[in-house]
Visitor: 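So that we are looking at the same thing, I have put the structure below in structure tokens.
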Amino acid sequence: MMFPVNMEEQDYTTYCREMLTQLMTSKVSKVCLDAQELILTMISHFSLDITSVYNWSMVDPKVAGWLLNPDHPPNTFTEVVKMLWKDNHQECDQDADATTLLCQDLSQLLDVMELLRRRLMDCDLLDLYLNVEMKLTPILAGMEYHGICVDPQRLINMGDILKKRIGMVESDAYKSAGHRFLLSSHVQLRTVLFDELHLDEKCENRQKLARTSVNNLKSTSESVLVKLQHLHPLPKLVLEYRKLEKMKSTYVDGILACIKEGKLTATWDHTSAATGRLTSANPNIQSVPKQPLEITEASNKQPAEGDKHETTSLCAREPYIAREGCSFLAADFQSIEFRLLAHFSKDPSLLKVFQGDDKKDVFVELTSQWMNVPPGSVQTTDRERTKRVVYSIMYGVGPEKLATYLNVSAAEAKGFISSFLRRFPGVSRFTHKCIEECKAKGHVRTILKRWRLIPNIKSPNFFLKSQAERQAVNFVVQGSAADICKLAMILVGKQLVERGLRARLLIQLHDELVFEVADEEVDSVRGVVKDIMQSDDLLCDGKIKLQVPLRVSISVGKSWGRMTDSE
DNA sequence: CTAGCGTCA
DNA sequence: CGACTGACGCTAG
């Protein structure tokens, strides 16, 4: 490429922008390490419109390397080269020099990419690579570019409330322990709870108190504290302290530290999860709590009220605000992994649960059946528990673990699992099929042929083998759901551009896409998003048929913490 | 049960 | 002293 030297600065910028834009949209194959970063840099530097980068096409060796071996992705070009070398030649000792030589020379980029392309083709991953992963790259760059607006003042106010409450809990804890100690230290807490107060000895079923996995010490985990909370006021105070601290350090101070120029800019990575899911970091937006934290403030202001307590609820998502004249629009695939299990297992009674257009929420329905209450009065916490239980069983939970979830005996939990699996016999058939396939081929694949190599499936170690079996099953379902969400991001993005709608994708929460939409376009965007995500053509223009329809629910709001369902 | 990331000691 | 690890806790299914 040629760049003229004697040109006015403004013309030069324009020239470069034109030049690079032409290059990016041309059919020429472009190999770029960390393509997402390059796109982000170019958007920022040339102030490009996000929509203009959606059809940029590049190939990124690191993404290819990840797709080939998602559990051990290469982090540098050197590692990409080494990976190819190792796969092609078993005896790599004498080739060590050649490897280092190649690594030093980025001019080998094209050759390396060609090798990668062949490998992708041989492994039947090329289509996924070109049409899903690389198409997603500009979308992620766009998400990183515009970021999310957060109201810092609201965060600061939340921080103040938390700080006050933490101080009160601390002094209460010191009183009940008899002395000051570091509440955040598990070691010190262990001493106070067990060596000084001997709470474990007072606990009726002390055998069942958990221990730390490594040193087999007495654990101070939530499950233990819950069991001890009726014996002494301290455990309850520690539990509250931890909740408050977590909220303050991670979701108030942590978020505040990530705000730059009034907005929150996370980094989005599609090569850090082996299942194909996206991750976000700095901050991890995907882990901002959904449920508000209830705080009981002792009301010292109104002594007349006696021991009445004022309760404030702090919602970590509340400070996330749509820009002026815009609203958030969230589109959520309803129980996508459960539906995919129905698809894969072809279990008739499970298919029946999802067939038809009905707007019922499966987890609400199941909760209402199990708890014997009308669907309308199912609490969100109960629904959430049902969801956990269903997924736990799907992925092979043991009776002991399930028993702690449900707070029942292990025997009851065992009965629960077997009755669930009896009701949906296709589930076990599917799990066995996955495991057999994995044993035979050494890997399993998702609906879009994404693969995961699981060598431990043949391990002589029982724990490792069992874990591998659960991973194999989980990968097929979770990975397929990730595939579908990625397709949705790509197709919705394309459609919004084509219709000239100015809706920008801000957040992906695995099965949910959050857009920022101009108020007057909310209705049109809702229509487009819902149509695309529920369309039978979502999967490769209908080439892949699902046994169950996908259903999407939409909610809209000015703040991420106050979204309301929207038909 | 499976995926992640952030905080703290 | 800074890098690393384990335990914990938040998310998503």
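All chains are named by letter (A, B, ...) in the order of the sequence lines, taking the proteins before the strands, and each is independently numbered beginning at 1. On a predicted model such as this, the values are computed, not experimentally measured, just so you know. Only heavy atoms go into these numbers, but all of them, side chains included; no hydrogens, no water, no symmetry mates.
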Visitor: Is there a donor and acceptor pair closer than 3.5 Å between the side chain of Q471(A) and the base of dT2(B)?
Guide: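 Not at all, since no donor on one side and acceptor on the other fall under 3.5 Å apart.
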Visitor: Any chance the rings of F416(A) and W370(A) have centres within less than 6.0 Å?
Guide: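 Ring-ring flag for F416(A)/W370(A): true, centres closer than 6.0 Å.
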Visitor: For residues 404-424 of chain A, which residue pairs pass the salt bridge (Lys or Arg N to Asp or Glu O under 4.0 Å) check, not counting sequence neighbours?
Guide: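 Every candidate salt bridge (Lys or Arg N to Asp or Glu O under 4.0 Å) pair involving residues 404-424 of chain A fails, so no pair, neighbours aside, qualifies.
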Visitor: Could you state the atom-to-atom distance from CG of L183(A) to P of dA7(C) in whole Å?
Guide: 20 Å
Visitor: Using a heavy-atom cut-off of 4.0 Å across all strands, would you classify L402(A) as base, sugar-phosphate, or nothing?
Guide: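 L402(A): no heavy atom of the nucleic acid under 4.0 Å.
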Visitor: Please tell me which of the listed nucleotides, dC1(B), dC8(B), dC10(C), lies nearest to the side chain of P289(A)?
Guide: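 Within the option list, the nearest is dC10(C).
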Visitor: Whole angstrom is fine here: how far is it from CD in E469(A) over to P in dT2(B)?
Guide: 12 Å
Visitor: Choose from dC10(C), dG9(C), dT2(B) the nucleotide whose nearest atom is closest to any side-chain atom of Y251(A).
Guide: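 Comparing dC10(C), dG9(C), dT2(B) against the side chain of Y251(A), the answer is dC10(C).
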Visitor: To the nearest Å, give me how far apart OH (Y391(A)) and P (dT11(C)) are.
Guide: 16 Å
Visitor: For F354(A) and F338(A), take the angle between the two ring planes, folded into 0 to 90°, and tell me which bin it lands in: parallel under 30, tilted 30 to 60, perpendicular over 60.
Guide: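 Perpendicular.
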Visitor: For R190(A), report the nucleic acid contact type (base, sugar-phosphate, nothing); a contact means any heavy atom under 4.0 Å.
Guide: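 The residue R190(A) makes no contact with any strand.
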Visitor: Rounded to the nearest Å, what distance is computed from the NZ atom of residue K290(A) to the P atom of nucleotide dG13(C)?
Guide: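 Going from NZ in K290(A) over to P in dG13(C) covers 6 Å.
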Visitor: Looking only at side-chain N and O atoms, does S184(A) come under 4.0 Å of OP1 or OP2 in dC8(B)?
Guide: no
Visitor: To the closest 0.5 Å, what do you measure between CG (L513(A)) and SG (C485(A))?
Guide: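 It comes to 6.5 Å.
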Visitor: Name every residue in residues 265-284 of chain A that has at least one heavy atom under 4.0 Å from any atom of DNA chain B, in order of residue number, or write none if there are no such residues.
Guide: S272(A), A273(A), A274(A), R277(A), T279(A), S280(A), A281(A), N282(A), N284(A)
Visitor: Mind checking R452(A) for me? I need base, sugar-phosphate or nothing, with any heavy atom below 4.0 Å counting as a touch.
Guide: sugar-phosphate
Visitor: Drop me the distance from L340(A)'s CG to L546(A)'s CG, to the nearest 0.5 angstrom.
Guide: 6.5 Å
Visitor: To the nearest 0.5 Å, what is the distance between OG (S249(A)) and CZ (R242(A))?
Guide: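 Taking OG in S249(A) and CZ in R242(A), the distance rounds to 12.5 Å.
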Visitor: Which listed nucleotide (dC1(B), dC8(B), dA9(B)) is nearest to the side chain of R470(A)?
Guide: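 Looking only at side-chain atoms, R470(A) lies closest to dC1(B).
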Visitor: Consider the side chain of D332(A), meaning its heavy atoms from C-beta on, and name the nucleotide among dG13(C), dG6(B), dT2(B) that approaches it most closely.
Guide: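 The nucleotide sitting nearest to the side chain is dG13(C).
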Visitor: Rounded to the Å, how far apart are R242(A) CZ and dC8(B) P?
Guide: 14 Å
Visitor: Using the six-membered ring wherever Trp is involved, compare the ring planes of F420(A) and F424(A) and label them parallel, tilted or perpendicular (cut-offs 30° and 60°).
Guide: perpendicular
